[in-house]
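The analysis underlying the following values was restricted to heavy atoms, covering all of them including side chains, and did not include hydrogens, waters or symmetry mates.
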Amino acid sequence: MRKLLVANRGEIARRVMRTCRELGIATVAVHSEPDRRAPFVREADESVALGGAAPAESYLRVDALLDAARRTGADAVHPGYGFLAENAEFARACEAAGLVFIGPPSAVIAAMGSKLEAKRRMEEAGVPVIPSVPVAGLAGRKLASAARDLGFPLLVKACAGGGGKGMRVVREPAALEAALAACAREAGAAFGDDTLFLERYLDSARHVELQIFGDRHGRVVHLYERECSIQRRHQKIVEESPCVALDAPLRERMGAAAVAAGEALGYVGAGTVEFLLAAGGEFFFLEVNTRLQVEHTVTECVTGLDLVRLQIEVARGARLPTQDELPRPSGCAIEVRLYAEDPEHDFVPVTGTVHRFELPADAGVRVDSGIESGSEVGIHYDPLLAKLIAHAPSREAAAAKLARAMAELRLHGLRTNRELLVRVLRHPEFLEGRTDTHFLERHSPAELGRPLTDAVAERVHAIAAALAAQAERRASARALGSLPSGWRNNPSGLQEIAFESHAGRIDVGYRFGRDGVVVELAGERVPGVRVESCTDDEVDLEIEGVRRRYRVARVGGRHFVDSPLGASELREVERFPAVQEPAAPGSLVAPMPGVVRKVMVGVGDRVPAGAVLLVLEAMKMEQNVTAPVAGRVAELAAREGEQVEAGRVLAVIEEEDGQAPV
């Protein structure tokens, strides 16, 4: 194996390339047009453009991937995770082309690619499974009867893929049809397969998975467990190893079940056997992921093994150690997934430019990132930006280290789930190990996701931003550039600037003079202000006897401030804002940039309040646009397949009395 093509993008592509460099294996990146300047492309030895933007036009094109391998002389392919990582046809095509596929044989992928077939195989191997029923061939009364027999709540689930795509919890019969339609669309877009099944839904369970490895000589071992219970939209956001809910006997039983699953499949390479763990200690098989997992990092931290290296060695024919020869876990590792999304608004995906991504040098955490300062985040791919992982002797120490690193991360430009992750890591329920898959139902994501800074901190940050802005202006001034902006020999009026923050409008006034600096907030004097030093990017400021350093960055009218008080984004209020045409009353606008996947109504249709009018898709997730009131569809301004920007008017609803809602 001399040259390896990574059939993926982002942080997993960089992760695979890192190990390849250590092993002396040359790497080939493939990329879509939006990813042309992405870090993973730059870090590869060679790269091949696939064209297009959407996955179907680029990363899902088997023919283009094989052609890239042929043109570069690659002799192996690593699929990463997502896209074609669990596509048996792709694995089979690689095998037929004489390429080493870094993963299990295509027959194993095919068997586990259908979650229903996987359940059948696991039952035969004696692994406990959750009752389920395929949707194919069911409709009307038969579908309702099958759902009733399983019992509510139940889970609608895609047979292919993973990562929370094509999954919906249904708690009452009336919601079943809509959930089936949404899951079919989502699964078809993400995996090219819209086959679904229904599964009994277990409340208050933990999501516990075991990392397995198999070699070409018939040996299967496990590398212990990971807990991934804290999820949003059935997608993991916090993962850790070990699981606090497992004692030694239960860990041994689950490990034996995972190995039995692997042996029954003749498993080769890295895989994950996922279970639901009930409160009483019962566990049930969910699925086998026939690939490397996003959260493989925590296993690497506690075992000291490089799982990508192990994948490559197994693919080369190496024998695995016996279970007893493998390293025992040491300490605790926790990973969090940093997403471009807004937890305060139902995790709506966010796009834009990452102006700054900078971790303190002494953070002491591992970062697997697909982005860097200046990266663009678009609508076509999963909103995962980076993973941060902490390893420490104890769970409490790992959580504290990771929370501190996340809080001190300089992250400018995009709304993310950073604040939610910090609060989860510091939450008493998490620290006590009392987590399950309903954590974010018990604790409001909107509350957990609000800024870490309070109103007082944002006002102090506004002072620092104002002073940094004046320092930038004076540094570029043609005359008397060494004097602060607003300097007066004699007392006079204050320089003024206003910001919009999460806490509302903040008006700052300031004046430098022989007696120091005078600062006012909303017209009231701030006592005890002393400026030790001030540049356009750092302000050393003392207020009422407390001195702090504030790091400031400005992009246009957006001011980003980081300090021991937290992080703030302040938007400068224009003195003479442009007048914008108001949208027509009753207008419904796009909550996020995306593609209109489905238009459910026509002009003139009468709809009840809450009816779904359109379905938007961005970053592989769907978002419904619903009617705020009962009324008539007066206007439709979008068509299926159209790409729209956030804030674009999509439809106008008139109430039945002829008055549109304001």
Undergrad: Measuring from Phe357:CZ to Ile371:CD1, what's the distance to the nearest 0.5 Å?
TA: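 So the gap between those two atoms works out to 4.5 Å.
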Undergrad: Does any non-hydrogen side-chain atom of Ile389 lie less than 4.5 Å from one of Cys301?
TA: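 Answer yes - side chains close enough.
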Undergrad: Look at Lys387 together with Glu295 and state whether they make a salt bridge at an N to O cut-off of under 4.0 Å.
TA: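 No, this pair does not count.
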Undergrad: State whether the side chain of Arg200 and the backbone N or O of Leu154 hold a donor-acceptor pair below 3.5 Å, judged by distance alone.
TA: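 Pair absent, no side-chain N/O of Arg200 close to backbone of Leu154.
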Undergrad: Looking at Glu300 and Arg366, does any basic side-chain N land under 4.0 Å from a carboxylate oxygen?
TA: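 Yes, this pair counts.
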Undergrad: Measuring only between side-chain heavy atoms, which start at C-beta, is Arg14 closer than 4.5 Å to Ser369?
TA: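 In contact.
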Undergrad: Look up atom CG in Leu388 and atom CG in Asp368, then write down how far apart they are to the nearest 0.5 Å.
TA: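 So the gap between those two atoms works out to 9.0 Å.
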Undergrad: Nearest 0.5 Å, what's the CZ-CZ distance between Arg319 and Arg219?
TA: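 Going from the CZ atom of Arg319 to the CZ atom of Arg219 covers 7.5 Å.
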Undergrad: Take Arg450 and Glu419, measure what salt bridge (charged side-chain N to carboxylate O under 4.0 Å, His left out) needs, and give me the verdict at the end.
TA: CA-CA 7 Å; Arg450 61 183 169 79; Glu419 290 82 4; over 6 Å; no
Undergrad: Salt bridge or not for Glu447 and Arg423, using N-O below 4.0 Å?
TA: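 Salt bridge between Glu447 and Arg423, a charged N being under 4.0 Å from a carboxylate O: no.
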Undergrad: Looking only at the aromatic ring of each residue, does the gap between the centers of Phe152 and Tyr201 stay below 6.0 angstrom?
TA: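 So the answer is no for these two rings.
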Undergrad: If you compare all heavy atoms of Ala158 against all heavy atoms of Leu196, which two are closest, and at what distance to 0.1 Å?
TA: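 Shortest heavy-atom contact: CA-CD2, 3.8 Å.
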Undergrad: Could you tell me whether Arg120 and Glu123 have a side-chain N and a carboxylate O separated by less than 4.0 Å?
TA: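 Salt bridge between Arg120 and Glu123, a charged N being under 4.0 Å from a carboxylate O: no.
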Undergrad: Looking at Glu22 and Arg18, is there a salt bridge between them, counting it only when a charged N and a carboxylate O are closer than 4.0 Å?
TA: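 So Arg18 does not pair with Glu22 through a salt bridge.
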Undergrad: Counting distance only, does the side-chain N/O of Arg309 pair as donor-acceptor with the main-chain N or O of Thr19 below 3.5 Å?
TA: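 Not at all, since once roles are kept as given, no pair shorter than 3.5 Å links the two residues.
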Undergrad: Let me see the working for Leu223 and Leu307 under side-chain contact (heavy atoms from CB on, under 4.5 Å), right down to the final yes or no.
TA: CA-CA 10 Å; Leu223 301 180; Leu307 299 195; 3.6 Å; yes
Undergrad: Would you check if there is a donor-acceptor pair between the side chains of Ser106 and Glu95 at a distance under 3.5 Å?
TA: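 Short answer, yes.
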Undergrad: Exactly one of Ile237, Val238, Leu448 should register a side-chain contact (heavy atoms from CB on, under 4.5 Å) with Phe439. Which one does?
TA: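 The option that passes is Leu448.
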Undergrad: Side chains of Glu287 and Met112: closer than 4.5 Å at any heavy-atom pair?
TA: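 A side-chain contact under 4.5 Å is absent here.
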Undergrad: Can you check side-chain contact (heavy atoms from CB on, under 4.5 Å) on Ile312 and Leu23, steps first, answer last?
TA: CA-CA 10 Å; Ile312 292 172; Leu23 293 174; 3.9 Å; yes
Undergrad: Taking 4.0 angstrom as the limit, do Lys236 and Glu209 come out as a salt bridge?
TA: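 Result for this pair is yes, salt bridge flagged.
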Undergrad: Heavy-atom distance under 4.5 Å between the side chains of Leu286 and Phe275, does that happen here?
TA: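 No, too far: nothing below the 4.5 Å cut-off.
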Undergrad: Looking at every non-hydrogen atom in both residues, tell me the closest pair between Val424 and Phe430 and how far apart they are.
TA: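 Nearest heavy atoms, Val424 then Phe430: O-CB, 3.2 Å.
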Undergrad: Is the backbone of Leu440 close enough, under 3.5 Å, to the side chain of His443 for a donor and an acceptor to pair up by distance?
TA: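 No; judged by distance alone, with no hydrogens or angles, the pair does not exist.
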Undergrad: Within the distance-only criterion (no hydrogens, no angle test), does the side chain of His391 pair as donor or acceptor with the backbone N or O of Ser330 below 3.5 angstrom?
TA: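 Yes, because the side chain of His391 sits within donor-acceptor range (under 3.5 Å) of the backbone of Ser330.
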Undergrad: Using atom types as modelled and distance alone, determine if a side-chain donor or acceptor of Arg418 lies under 3.5 Å from a backbone N or O of Tyr339.
TA: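 The answer is no, because no donor-acceptor pair under 3.5 Å joins these two groups.
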Undergrad: Before accepting this row, confirm whether a basic side-chain N of the pair Glu225/Arg251 lies closer than 4.0 Å to the acidic partner's carboxylate O.
TA: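 So Glu225 pairs with Arg251 through a salt bridge.
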Undergrad: Under a 4.0 Å N-O cut-off, is there an ion pair linking Glu341 with Arg415?
TA: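 No, this pair does not count.
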Undergrad: Checking the side chain of Gln211 only, and the main-chain atoms of Thr299 only, is there a donor and an acceptor separated by less than 3.5 Å?
TA: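 Between the backbone of Thr299 and the side chain of Gln211 there is no qualifying donor-acceptor contact (under 3.5 Å).
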Undergrad: Would you please test Glu199 and Lys157 for salt bridge (charged side-chain N to carboxylate O under 4.0 Å, His left out) and show each step?
TA: CA-CA 7 Å; Glu199 181 178 85; Lys157 204 168 181 180; 3.5 Å; yes
Undergrad: Given Val156 and Leu198, is the side-chain contact (heavy atoms from CB on, under 4.5 Å) satisfied, shown in steps?
TA: CA-CA 5 Å; Val156 178; Leu198 307 180; 3.8 Å; yes
Undergrad: Is a side-chain donor or acceptor of Asp215 paired with a backbone partner of Leu320 at a separation under 3.5 angstrom?
TA: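 It does hold such a pair.
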Undergrad: Looking at every non-hydrogen atom in both residues, tell me the closest pair between Val77 and Ala7 and how far apart they are.
TA: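 Closest pair (atom of Val77, atom of Ala7, distance): CG1-CB, 4.0 Å.
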Undergrad: Does a side-chain N-to-carboxylate-O contact under 4.0 Å join Glu86 and Arg291?
TA: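 Here Glu86 pairs with Arg291 in a salt bridge, since their nearest N and O are under 4.0 Å apart.
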Undergrad: Around atom CD of Glu441, are there more than 12 heavy atoms from other residues, nucleotides or ligands closer than 6.0 Å?
TA: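 It does: Glu441 CD has more than 12 such atoms within range.
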Undergrad: Where is the tightest heavy-atom contact between Pro79 and Ile102, given as atom of each residue plus distance?
TA: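 Closest approach of Pro79 to Ile102, heavy atoms only: CD-O, 3.4 Å.
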Undergrad: May I ask you to check whether His427 and Glu432 show a side-chain donor-acceptor distance below 3.5 Å?
TA: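 Not at all, the side chains of His427 and Glu432 share no donor-acceptor pair under 3.5 Å.
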Undergrad: Just wondering, do Val350 and Val377 contact through their side chains at under 4.5 Å, heavy atoms?
TA: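 Of all side-chain heavy-atom pairs linking Val350 with Val377, none is under 4.5 Å.
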Undergrad: Can a salt bridge be assigned to the pair Glu124 and Arg121 using a cut-off of 4.0 Å between side-chain N and carboxylate O?
TA: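 Salt bridge between Glu124 and Arg121, a charged N being under 4.0 Å from a carboxylate O: no.
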Undergrad: When you check the gap from the basic side-chain N to the acidic O, do Glu227 and Arg206 get nearer than 4.0 Å?
TA: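 Salt bridge between Glu227 and Arg206, a charged N being under 4.0 Å from a carboxylate O: yes.
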Undergrad: Which heavy-atom pair separates Asn417 from Arg337 by the least distance, and what is that distance?
TA: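 Where Asn417 meets Arg337 most closely, the heavy atoms are ND2-O, 3.0 Å.
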Undergrad: Step by step, work out the side-chain contact (heavy atoms from CB on, under 4.5 Å) result for Leu277 and Ser229.
TA: CA-CA 10 Å; Leu277 176 63; Ser229 296; over 6 Å; no
Undergrad: Between the main-chain N or O of Val348 and the side-chain N or O of Asp346, is there a donor-acceptor pair closer than 3.5 Å?
TA: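 Absent.
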Undergrad: Indicate yes or no: does Glu617 engage Arg185 in a salt bridge with an N to O separation below 4.0 Å.
TA: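 Looking at Arg185 together with Glu617, the answer is no, because their closest N to O distance does not fall below 4.0 Å.
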Undergrad: Are the side chains of Val273 and Phe285 in touch, meaning some heavy atoms are under 4.5 Å apart?
TA: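 The answer is yes, as the side chains (C-beta and beyond) meet within the 4.5 Å cut-off.
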Undergrad: Mind checking whether Arg21 and Val16 have side chains closer than 4.5 Å, heavy atoms only?
TA: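 No, too far: nothing below the 4.5 Å cut-off.
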Undergrad: Just verifying a value: how many Å separate Thr437 OG1 and Leu276 CG, rounded to the nearest 0.5 Å?
TA: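 Rounded to the nearest 0.5 Å, the OG1-CG separation comes out at 7.0 Å.
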Undergrad: Please examine the side chains of Val208 and Arg226, heavy atoms only from C-beta on, and report whether any two atoms are closer than 4.5 Å.
TA: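 No, every pair of side-chain atoms sits at 4.5 Å or beyond.
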Undergrad: Kindly say whether Asn289 contributes a backbone atom to a donor-acceptor pair with the side chain of Glu274 at under 3.5 angstrom?
TA: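 No, Glu274 side chain to Asn289 backbone: no donor-acceptor pair under 3.5 Å.
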Undergrad: Using side-chain hydrogen bond (donor to acceptor under 3.5 Å, both in side chains) as the criterion, point out the one residue from His207, Arg442, Gln231 that pairs with Asp436.
TA: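 When His207, Arg442, Gln231 are each tested with Asp436, the side-chain hydrogen bond (donor to acceptor under 3.5 Å, both in side chains) holds only for Arg442.
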Undergrad: Roughly how far apart are Lys119 NZ and Cys159 SG, rounded to 0.5 Å?
TA: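 Between atom NZ of Lys119 and atom SG of Cys159 there are 10.0 Å.
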Undergrad: Show the nearest heavy-atom pair for residues Ala270 and Leu292, with the distance to one decimal.
TA: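 It is CB-CD1, 4.3 Å.
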Undergrad: Does Phe40 have Arg15 sitting over its ring (NZ/CZ under 6.0 Å from centre, angle to axis within 45°)?
TA: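 No; the conditions do not both hold, so Arg15 does not lie above the ring face of Phe40.
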Undergrad: Output the distance between atom CG (Leu305) and atom CG (Leu326), rounded to the nearest 0.5 Å.
TA: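 Separation between the atoms: 7.0 Å.
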